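Okay, structure first, notes after.
Just so you know, these numbers come straight off a predicted model, no measurement behind them.
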Amino acid sequence: MVQVADNLTNIQTTIQTACDKCKRNTSEITIIGVTKYVTIERTEEALQAGIQNLGENRLEGFYEKYEHFRERAKWHFIGTLQSRKVKDVIDKVDFIHSLDRTSLAKEINKRSEKPVNCFIQVNVSGEESKHGIELSEVESFISTLSVYPNIHVVGLMTMAPHTDDQELLRQTFRLLRETRDRISSKQLSSAPCTYLSMGMSNDYQIAVEEGATHIRIGSNLVGSKTSEV
Ligand SMILES: *Cc1c(COP(=O)(O)O)cnc(C)c1O
């Protein structure tokens with residue numbers, strides 16, 4: 001099994017290349033280590049290698065890692081969140097990447113005692129199987145959130161389609177960035193919307209070239225269940 005530190009070095013090199021291409025600074029990019037497939041030990045290795053942000057997409061995995069590591073990481077919940085589970089996680093997460101409906105916003109607002117950093121999950125490609133707000137609905141969705149003082153919209157998140165079509169991936173990320181730009185230019189106090197959570201193991205280089213600020217890397221960093229890279 002390749003050491004996480006070596007994987008991280010490779011990822012950092014790729015980020016550097018992508019940043020050079022589009023004149024960005026690597027300090028703008030946060031790597032979220034997605035540990036959903038791996039053990040506590042492998043997660044420990046990621047933290048030792050310098051990863052400071054961890055992401056989980058399911059509650060069981062989230063609790064397991066959170067209980068173990070607590071304040072040694074910033075915690076990102078990146079999966080679908082059921083409203084009835086909000087009360088259990090709300091005091092533990094630093095960022096929720098999957099705000100995709102008003103009922104969830106209402107519950108987060110009610111259960112938290114302070115503003116929660118949320119990314120709006122956007123279904124850029126319009127695939128029916130995907131969660132998320134349609135691109136054309138994002139701005140009106142965000143304006144409906146202004147009645148919830150504990151919803152702080154820090155950015156937009158998307159999962160790109162499963163494809164090797166580089167142009168389609170680029171187009172997906174670019175559309176999200178353009179939408180982000182429109183929203184952030186309004187300078188709403190409840191929705192600064194400066195971040196872009198996009199890019200996973202297979203497509204993060206393109207995502208960084210298109211403006212990603214938070215990339216969510218699982219298999220390329222810590223490995224997956226089937227094959228530890
Ligand atoms: C699993 C997962 C990732 C990481 O995927 P990899 O391809 O293993 O890097 C990123 N984002 C979400 C929402 C995920 O569920």
Heavy atoms, side chains only, cut-off 4.5 Å: are Val34 and Leu221 in contact?
no
If Ile, Leu, Val, Met, Phe, Trp and Tyr residues are connected whenever their side-chain heavy atoms lie under 4.5 Å apart, and connections chain through other members, are Leu176 and Leu168 in the same group?
no
Say whether, by atom type as modelled, one donor and one acceptor occur between the side chain of Glu210 and the main chain of Phe173 under 3.5 angstrom.
no
I want to check something: taking the side chain as every heavy atom from C-beta on, are Thr163 and Leu169 in contact at a cut-off of under 4.5 Å?
yes
Could you tell me the separation between the CG atom of Leu188 and the OG atom of Ser146, rounded to the nearest 0.5 Å?
8.0 Å
Surrounding NZ of Lys85 (heavy atoms of other residues, nucleotides or ligands, distance under 6.0 Å), is the total greater than 12?
no
Candidate pair Thr30 and Tyr195, rule side chain to side chain contact (heavy atoms under 4.5 Å, CB included), full reasoning
CA-CA 10 Å; Thr30 299; Tyr195 295 150; over 6 Å; no
Given the options Gln121, His76, His214, Arg216, Ser197 meets side chain to side chain donor-acceptor pair (under 3.5 Å) only with Arg216
From the list Arg174, Arg170, Arg177, Arg24, salt bridge (charged side-chain N to carboxylate O under 4.0 Å, His left out) partner of Glu209 resolves to Arg170
What is the minimum heavy-atom distance between Gly55 and Ile78, and which atoms define it?
C-CD1, 4.4 Å
Does the side chain of Phe62 come within less than 4.5 Å of Val93's, by heavy atoms?
yes
Nearest heavy atoms of Pro192 and Ser184, plus distance in Å:
O-CB, 3.3 Å
Is there a donor-acceptor contact under 3.5 Å from the side chain of Glu128 to the main chain of Gly126?
no
Glu44 versus Gln48, side-chain donor and acceptor atoms under 3.5 Å
yes
Donor-acceptor check, side chain of Asp100 to backbone of His131, threshold 3.5 angstrom: yes or no?
no
When rounded to the nearest 0.5 Å, the distance separating CD1 of Ile120 from SG of Cys193 is 7.5 Å
Within a radius of less than 6.0 Å around CG of Asp164, do more than 12 heavy atoms belonging to other residues, nucleotides or ligands occur?
no
Main-chain N/O of Val116 paired to Asn150 side chain as donor or acceptor, under 3.5 Å
no
Under 3.5 Å donor-acceptor, Lys92 side chain and Asp88 backbone
yes
Could you report the tightest heavy-atom contact between Val147 and Pro149, atom names first, then the distance?
O-CD, 3.2 Å
Smallest heavy-atom separation, Ile40 atom then Phe69 atom, equals O-CZ, 3.5 Å
With clusters defined by side-chain heavy atoms of hydrophobic residues (ILVMFWY) lying less than 4.5 Å apart, directly or transitively, does Ile29 cluster with Ile32?
no
Any chance you could measure Ile206, atom CD1, to Lys21, atom NZ, to the nearest 0.5 Å?
8.5 Å
Counting N and O atoms only, with roles assigned by atom type, does the side chain of Lys65 sit under 3.5 Å from a partner on the main chain of Thr35, one being a donor and the other an acceptor?
yes
Kindly assign one of parallel, tilted or perpendicular to the pair Phe95 and Phe119, based on the angle between their ring planes and the thresholds 30° and 60°.
tilted
Do Ser190 and Ile151 have side chains that get closer than 4.5 Å, going by heavy atoms?
no
If you count heavy atoms of other groups shown closer than 6.0 angstrom to CD of Glu113, is the number above 12?
no
Would you kindly confirm whether Trp75 and Met157 end up in one hydrophobic cluster when ILVMFWY residues are joined by side chain heavy atoms under 4.5 Å apart?
no
Side-chain touch Lys74/Gln52, heavy atoms, less than 4.5 angstrom:
no
Side chain to side chain contact (heavy atoms under 4.5 Å, CB included) for Leu135 and Leu156? Distances and angles first, verdict last.
CA-CA 10 Å; Leu135 203 51; Leu156 305 180; over 6 Å; no
For a 4.5 angstrom cut-off between non-hydrogen side-chain atoms, does Ile15 reach Ile31?
yes
Heavy atoms of Ala73 and Asp94 approach each other most closely as O-OD2, 4.2 Å
Heavy atoms from other residues, nucleotides or ligands near NZ of Lys130 exceed 12 (cutoff 6.0 Å)
yes
Is there a donor-acceptor contact under 3.5 Å from the side chain of Ser112 to the main chain of Lys114?
yes
Flag, side chain of Asp203 to backbone of Met200, donor-acceptor distance under 3.5 Å:
yes
Is there a side chain to side chain contact (heavy atoms under 4.5 Å, CB included) between Val222 and Thr43 once you walk through the steps?
CA-CA 7 Å; Val222 289; Thr43 306; over 6 Å; no
Could you check whether any side-chain N or O of Thr213 sits under 3.5 Å from a backbone N or O of Leu196, counting only pairs where one atom can act as donor and the other as acceptor?
yes
Take Tyr66 and Leu54 through the test side chain to side chain contact (heavy atoms under 4.5 Å, CB included) and record every step on the way to the result.
CA-CA 9 Å; Tyr66 176 83; Leu54 294 176; over 6 Å; no
For a 4.5 angstrom cut-off between non-hydrogen side-chain atoms, does Thr179 reach Val124?
no
Using a 6.0 Å cut-off, check whether atom CZ of Arg72 has over 12 heavy atoms from anything other than its own residue.
yes
So, do Tyr37 and Arg42 sit near enough that their side-chain heavy atoms are less than 4.5 Å apart?
no
Please round to the nearest 0.5 Å and tell me the distance separating atom CG of Asn7 and atom CD1 of Ile51.
10.0 Å
Given 3.5 Å as the limit, does a donor-acceptor pair link the side chain of Thr158 with the main chain of Met198, or not?
no
Path from Ile90 to Val154 over hydrophobic side-chain contacts below 4.5 Å
no
Thr194 to Arg180 - nearest heavy-atom pair and separation
O-NH1, 2.8 Å
When rounded to the nearest 0.5 angstrom, what is the spacing between CG in Leu99 and CZ in Phe141?
4.5 Å
For the atom pair CG (Leu104) and CD1 (Ile96), what is the distance rounded to the nearest 0.5 Å?
6.5 Å
Counting only heavy atoms from other residues, nucleotides and ligands, does the tally under 6.0 Å from CD of Gln187 exceed 12?
no
